[in-house]
Amino acid sequence: MKKLLIILCLNAAMTAVFTAAFAINPPQKMQIVPEPMQLRETENHFVINTDTKLRFENLFPCDPTVHYIISNYQHFFGFVPDTANVQNENCIVFERLIYDDQELGDEGYRISVNNKEIRIIANSASGIFYGYQTLIQLTPADLIAQPQEQFSMYGVEITDNPRFEWRGSHLDVCRHFFPVEYIKKHLDIMALYKMNRFHWHLTDDHGWRIQIDKYPLLTEIGAWRVFRDTNWIHAQPAQPNEKATYGGFYTKEQVRDIVAYAAQRHIEVIPEIEIPGHCSAILVAYPQFACDDYPYTIPVGPYWPPKAILCGGNEAVMQFLKDVMDEIVPLFSSSYIHIGGDEALKGNWEKCPKCLKRMKKLHLKNPEQLQSAMVIEIEQYLASLGKQIIGWDEILDGGVSKKATIMSWRGQEGAIYAARHGNDAIMAPASHCYFDYYQGDPKSEPVSIGGYLPLEKAYQFEPIPQDSLTPEQAKHILGGQCNLWSEFLFNTQKVEYMLLPRLLALSEAVWSPKEKRNWEHFKQKITAQKVRLHVMGYNYADSPVDMVK
Ligand code: ACM
Ligand code: ZN
């Protein structure tokens, strides 16, 4: 009887403790984005407080992931974590497995929240990192704005592993330039939603954005254009003698810093250097690389049809591109360099004696094959430097090597063709992945380039096209990616507005098992995620989430 009384009293005391903890900070039900592979809620609770310790097993203290977790924990939870005192209770354990757990692959993890500890286990530092991101999402959405002395976490057992290896997000920094601090903020939000490829569109007609020592005019001249304080569509062309004051570029030191920052968040940075079109900024700086002596300028607004194209028959152009690659390659740890290839209108080539001569010499049937010849020469050069190429789907038009990876934007067809022919491909069809499109009724949205891609449609994105590929061919689809072209993104607030919350929809398409995706559930999760985005200082769209029927 006495024993029973003690148990009853203990129970009452425990309930009081938990009630107090909940009263301080009611936890949210599971709102994780992207939806994990397996999730089971349990009756357990774990209370995080100032005494909670962090323990790292089989991870070196100097590991960038350990550094990230310690500093992020302090920032996010508001406690300086104690990592020195080993204890078995009230502990968050990050355990890198010595023997691989097949179910987790390279990037997966398990997380268990029970009464005694939170344990995250993985085969790799990436898995530990993603487990930590899930842990963040298990905490109250507004925690960062309202730090607590203690708060409760629901018990849960999660096993998770991404569906695709390529979970990409592209940003055009040419039409408008965005500073290093913003690029880091962009990488932070990618990391929270387990996105792992940052496609950095660094060169275009409207600006060249990366320091190249051998060709200083690329940034002295090519990084600057005339400023217009109007919408893109209405921008008047530059007048003679008007000063080009608007733009900017990243120094090599800044690029290295960003690549390291991304790597600590398990994000690979893929630079894009456009060949052979979208090159006004190059031709203004180095007019000798054009087919003609037309006075090219850096456009300040829409530039269509684009006349600017690098001469395809000039050896000096190929040497220039190789010299540029010599300086680009050492800055980036990714095995890929994106060589562009889209929208290269070839009117100049059809009239240029040098281009025509080269076509004849190589027995090429059309200008598309001349583009292919350029691409293949650069591809081989990059291969000698240990890199592979990615190109927009136009590079298929004149034929590609077996090793080129195709980024399919004009629809899914490019990726389907590539996968059927044994080439790897990334799905980024404009219909579902162009986040510069309107996400609500244009009458109530900030002015954008056009198109219509509400959250629900972004959520419907499926990287493997139905009934088009055999299972073997489908393995060539590496994943999917959203693209953010910046014509109308005149500041970073607008970048965030167009990215969010659609990035969350994409993250489920590329991470979660297909059968786990559910629009109704996702819609509920978005409500809590918007609180999270708000307290983290991101500007997101609050447009109606359903498609207008
Ligand atoms: C593209 O949108 N021009 C790739
Ligand atoms: Zn030419």
Side-chain angles (χ1 to χ4, degrees), residues 168-175 199-206 270 272-280 282-283 286-294 296 302-321 338-362 364 366-371 373-374 390-397 405-415 425-437 448-451 453 480-489 498:
S169 177
H170 149 290
L171 183 63
D172 169 9
V173 293
C174 300
R175 274 52 180 262
H199 172 172
W200 205 4
H201 185 78
L202 285 166
T203 74
D204 213 304
D205 292 302
H206 299 80
I270 297 97
E272 180 181 352
I273 307 296
E274 275 272 16
I275 303 169
H278 286 293
C279 65
S280 301
I282 303 175
L283 298 185
Y286 295 98
Q288 66 270 34
F289 299 143
C291 289
D292 52 15
D293 51 11
Y294 181 83
Y296 291 92
Y303 179 55
W304 197 267
K307 173 174 165 59
I309 188 164
L310 296 169
C311 180
N314 184 346
E315 262 317 305
V317 169
M318 297 314 294
Q319 192 53 51
F320 161 74
L321 293 172
H338 199 303
I339 53 84
D342 60 316
E343 301 176 321
L345 270 58
K346 302 181 181 65
N348 282 8
W349 285 7
E350 283 161 6
K351 294 180 290 205
C352 168
K354 288 198 205 101
C355 287
L356 293 171
K357 189 169 163 206
R358 183 151 193 239
M359 282 175 65
K360 195 161 167 206
K361 185 173 162 206
L362 299 179
L364 306 178
N366 53 45
E368 283 65 41
Q369 290 189 351
L370 182 56
Q371 177 169 345
M374 284 179 92
I390 302 176
W392 297 111
D393 58 67
E394 284 94 331
I395 70 167
L396 288 167
D397 296 348
T405 297
I406 305 303
M407 187 166 273
S408 197
W409 74 278
R410 293 180 295 180
Q412 297 184 319
E413 293 71 22
I426 297 149
M427 279 291 186
S431 57
H432 290 76
C433 298
Y434 270 37
F435 288 0
D436 53 338
Y437 285 10
S448 293
I449 199 158
L453 178 48
Q481 173 171 304
C482 60
N483 293 334
L484 252 188
W485 300 102
S486 64
E487 286 90 341
F488 287 79
L489 311 187
M498 299 307 273

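For ligands, and for the atoms within them, numbers begin at 1 and follow the listed sequence. Source: prediction; values computed, not measured.
Remark: at the Zn ion (ligand 2), atom SG from Cys311 and atom SG from Cys355 enclose 110°, rounded to the nearest 10 degrees.
If you check the side chains of Gln481 and Asn483, you find a donor sitting under 3.5 Å from an acceptor.
Residue Glu343 places at least one N or O, backbone or side chain, under 3.5 Å from an N or O of ligand 1.
The Trp485 neighbourhood of ligand 1 comprises atoms 1 (C), 2 (O), 4 (C), with distances under 4.0 Å to a heavy atom of that residue. For ligand 1, the atoms closer than 4.0 angstrom to any heavy atom of Tyr434 are 1 (C), 2 (O), 4 (C).
For the pair Asp292 and Lys307, the salt-bridge criterion is met [side-chain N within less than 4.0 Å of a carboxylate O].
Scanning the protein for heavy atoms near atom 3 (N) of ligand 1, the closest one is Asp342 OD2, 2.6 Å.
To the nearest 0.5 Å, atom CG of residue Leu489 and atom CG of residue Leu171 are 8.0 Å apart.
Remark: aromatic rings of Trp392 and His199 are close, center separation under 6.0 Å. The distance between the ring centers of Trp485 and His201 falls below 6.0 angstrom.
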